[in-house]
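What follows is a single structure, written as structure tokens, with notes after it.
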Protein chains: 2
Amino acid sequence: MVSISVNRRSRVPLYYQIQQRLLKQITAGRLKTGDLLPSEQEISARLGISRMTARQALKSLCHLGVTYSRRGKGTFVSGIKLEKNFRQVQSFTEEMKARGLKPQARVLSFQTIPARGEVAEALKLPLGEPVVSLRRLRLADSWPMGIECSHLPARICPGILKAFNPRASLYQTLWKRYGILMAVAEEVVEVGRVSAEEARLLRTRPGSPVFQFTRTSYLQDGRPVEYVKSIYRGDRYKIVTRLTRLNCDFGTVRRA
Amino acid sequence: MVSISVNRRSRVPLYYQIQQRLLKQITAGRLKTGDLLPSEQEISARLGISRMTARQALKSLCHLGVTYSRRGKGTFVSGIKLEKNFRQVQSFTEEMKARGLKPQARVLSFQTIPARGEVAEALKLPLGEPVVSLRRLRLADSWPMGIECSHLPARICPGILKAFNPRASLYQTLWKRYGILMAVAEEVVEVGRVSAEEARLLRTRPGSPVFQFTRTSYLQDGRPVEYVKSIYRGDRYKIVTRLTRLNCDFGTVRRA
DNA sequence: AGATTTAAGTTGTCTATACAACCAGCGTCA
DNA sequence: TGACGCTGGTTGTATAGACAACTTAAATCT
């Protein structure tokens, strides 16, 4: 059931108010997998808004992946739970919290260095350009999980060496202090074996198998802002992803 | 440059014609990263269509991730290449082709077995329900890459034991013959070591590190249709993914 | 010169309407 | 019984117009 009214004076768009309301009903479990959502017609009539606005609300839910529409039938709750890691760039902090673990970090080094090699290449910086490099040991519930090394162009985050609180999330700092919001990331995952130094930090045996991550994050306009290399213990870490087919547009299946 | 006209008689929606046309210009490189796309106004005027239709074409490009919009400025080509594996469920065949390698498969076994254990659980089938099980050795350019074992409820694909051509893609067969289109998948990736039998098939040494994949695919309504367990040689395989932040809706950033 | 206002252009939201395509169920007819 | 068509309900597509919010650059004022 959709509640009775929308707030027309609010600066929040009508369609967004409706989307949020329906989303709550789904996440709260009042609308379950396979349930039929109110039709565009019904929403528009009940709330006294136009059908196109109601439609935009429903479409935006399809876009999020929590519903799907069928012409002639209606809009239904899909079986996919909206989880935090659903198709989303996520930091270690967010990821561990989502799994119910307490994330921690121990800073191994934090300094400005000249860009070179793969770092310069990934960040599209000329050689020697200053880069902020942050190397951290990652722990979950006090167990060492991995080693993460982030690189950022120093130009985009002046003063971060002093401003950054080692206990906070790097991403939150970048967003709140510098307005940097990473929109897209490319990630390469490989399998490797730990070196002696890494094994000591991770409290495991040299040569034991690990995940090797290489991630480059970009702004919405495609400029790279972060290059991360990390390794994670293979016996303590797994990757959970949800993938979606893209041969549909706004939920409408098109056969090429 | 958008070409001069659209086909109004075609059954293909106008906005989709426009979307495809713009998409081609981007993938062909005539529109490059950061380039400004024609405005909604301009498209609608030039093609003699309504602004909302032009808007839908541009929005659908944002939705695909190839462009982004800024109020007051315009719509721009984002730095993200539209690759085949972009946020998409993909078969081994499709994946290897996208990397320029020749995919092959050698069927190790293909039979109907009763569902049990993790297979029954993942496919949400009662114990003993018939399941089609296909175990294949995967090769790329004749090099053994991994071992893949698919499980499907026998009920949804009657006669597949005879109909399936071992040289074809399983997914294409399911789509063409049974109309089965997997919409969403959950995938878990872990690190492991090969057994003696697997090592023999993969021509590697027992105990060498491998990726272990566990994937469950679903229809749009959430019913599971496939459960796959596979392993891939760690020295020959890497995972490349592109991730997107979801704190935006139709490209409009909203701070919660 | 510097600050402010104005204007034009762009995307974002919303309305009201129309018709097409599709689905399910019902009734009718052979 | 089975085939057919009708009908009401649903989403998909398309139109025309309006105003809001934002950006940029030019024009104006101080």
Side-chain angles (χ1 to χ4, degrees), chain A residues 5-20 22 35-63 67-78 179 220-221 248-255, chain B residues 2 5-20 22 34-63 67-78 179 220-221 248-255:
Chain A
S5 68
V6 285
N7 184 355
R8 282 193 123 82
R9 288 187 214 294
S10 157
R11 269 159 239 79
V12 180
L14 292 180
Y15 85 88
Y16 192 70
Q17 293 179 41
I18 301 165
Q19 186 234 53
Q20 289 292 299
L22 290 168
D35 281 1
L36 183 63
L37 273 76
S39 71
E40 301 171 355
Q41 172 67 251
E42 187 181 341
I43 293 176
S44 64
R46 178 140 46 169
L47 298 183
I49 59 169
S50 113
R51 187 196 141 199
M52 291 305 281
T53 303
R55 177 178 175 76
Q56 193 174 358
L58 287 173
K59 274 289 119 204
S60 69
L61 286 173
C62 292
H63 188 207
T67 64
Y68 64 96
S69 296
R70 282 292 156 78
R71 179 186 293 202
K73 297 185 74 175
T75 302
F76 304 86
V77 179
S78 76
Q220 223 174 7
D221 60 9
C248 55
D249 171 52
F250 287 73
T252 306
V253 176
R254 300 200 178 283
R255 308 196 189 185
Chain B
V2 181
S5 68
V6 286
N7 184 354
R8 283 194 122 82
R9 289 188 213 292
S10 157
R11 269 160 240 76
V12 180
L14 293 180
Y15 85 89
Y16 191 69
Q17 294 179 40
I18 301 166
Q19 185 233 52
Q20 290 291 300
L22 290 169
D35 280 1
L36 182 63
L37 275 75
S39 71
E40 301 170 357
Q41 173 67 249
E42 187 180 341
I43 293 176
S44 65
R46 179 138 50 168
L47 299 182
I49 60 171
S50 108
R51 187 197 138 198
M52 289 306 280
T53 303
R55 177 179 175 76
Q56 193 173 359
L58 287 173
K59 274 288 118 204
S60 69
L61 286 173
C62 291
H63 187 206
T67 64
Y68 64 97
S69 297
R70 283 292 156 79
R71 177 186 295 202
K73 296 186 75 174
T75 303
F76 304 86
V77 179
S78 76
Q220 222 174 9
D221 60 8
C248 55
D249 172 52
F250 286 74
T252 307
V253 176
R254 300 201 179 284
R255 309 196 188 187

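Note that this is a predicted model, so its numbers are computed, not measured. Numbers restart at 1 for each chain; the letters A, B, ... are given by sequence-line order, proteins then strands. Reckoned from all heavy atoms, side chains included, excluding hydrogens, waters and symmetry mates.
As rounded to whole Å, 12 Å separates atom P of D:dT13 from atom CD of B:Gln17. Between the CD atom of A:Gln41 and the C1' atom of C:dT17 there is a distance of 13 Å, rounded to whole Å. The CD atom of B:Gln56 sits 16 Å away from the P atom of D:dT11 (whole-angstrom rounding). As rounded to whole Å, 16 Å separates atom C1' of C:dT15 from atom CD1 of A:Ile43. Atom CD1 of A:Ile49 is separated from atom P of D:dA18 by 22 Å (rounded to the nearest Å). Here D:dT10 presents its P atom at 16 Å from OH of A:Tyr68, a figure rounded to the nearest Å. For B:Phe76 and C:dT11, the CZ to P distance is 8 Å, given to the nearest whole Å. The separation between A:Leu14 atom CG and C:dG12 atom C1' is 12 Å, rounded to whole Å.
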For nucleotides 20-24 of chain C, list the nitrogen or oxygen atoms of the protein found under 3.5 Å from its nitrogen or oxygen atoms, one pair per line.
from	atom 1	to	atom 2	distance (Å)
C:dA21	O4'	A:Arg71	NH1	2.7
C:dA21	O3'	A:Arg71	NH1	3.3
C:dA24	OP1	A:Lys73	NZ	3.3

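Among the nucleotides C:dA16, C:dT13, C:dT11, the one closest to the side chain of A:Met52 is C:dA16. With D:dG12, D:dT15, C:dT15 as the candidates, the nucleotide lying closest to the side chain of A:Arg55 is D:dG12. When each of D:dA14, C:dG12, D:dT10 is scored by its nearest atom to the side-chain atoms of A:Ser39, the top-ranked nucleotide is D:dT10. Of the candidate nucleotides D:dT11, C:dG12, D:dT15, D:dT11 has the atom lying nearest to any side-chain atom of A:Glu40.
Between A:Thr75 and D:dT10, a side-chain N or O to OP1/OP2 separation shorter than 4.0 Å is absent. Between A:Lys59 and D:dT11 there is no side-chain polar atom (N or O) within less than 4.0 angstrom of OP1 or OP2.
Judged as a side chain to side chain contact (heavy atoms under 4.5 Å, CB included), and not counting sequence neighbours, the contacts of B:Arg51 are B:Glu40, B:Ser44, B:Arg55. Scored by the side chain to side chain donor-acceptor pair (under 3.5 Å) test, B:Thr75 finds B:Ser69 as partners (sequence neighbours excluded). Contacts of A:Thr53 classified as side chain to side chain contact (heavy atoms under 4.5 Å, CB included), with partners at least two apart in sequence or in another chain: A:Leu14, A:Tyr15, A:Ile49, A:Ser50.
Residues A:Val6 and A:Ile18 meet the side-chain proximity criterion, which asks for heavy atoms closer than 4.5 Å. The closest side-chain heavy-atom distance from A:Thr67 to A:Leu58 is not below 4.5 Å.
With DNA chain D read from its 5' end, the first of the two nearest nucleotides for B:Thr53 and A:Leu36 is the one closest to A:Leu36. Along DNA chain C, the nucleotide nearest B:Leu37 and the nucleotide nearest A:Ser50 are compared for position; the residue whose nucleotide lies closer to the 5' end is B:Leu37.
Expressed to the nearest 0.5 Å, how far NE2 of B:His63 lies from OG of A:Ser60 amounts to 10.5 Å. Separating the CG atom in B:Leu37 from the CD atom in B:Glu42 is a distance of 10.0 Å, to the nearest 0.5 Å.
Of all heavy-atom pairs between B:Val77 and B:Tyr68, the closest is O-CE2, 4.1 Å. Among all heavy-atom pairs drawn from A:Leu61 and A:Gln19, the shortest one is CD2-CG, 3.8 Å.
Note on the helix from C:dA1-D:dT30 to C:dA30-D:dT1: angle between the axes of the first and last five pairs equals 10°, rounded to 10 degrees.
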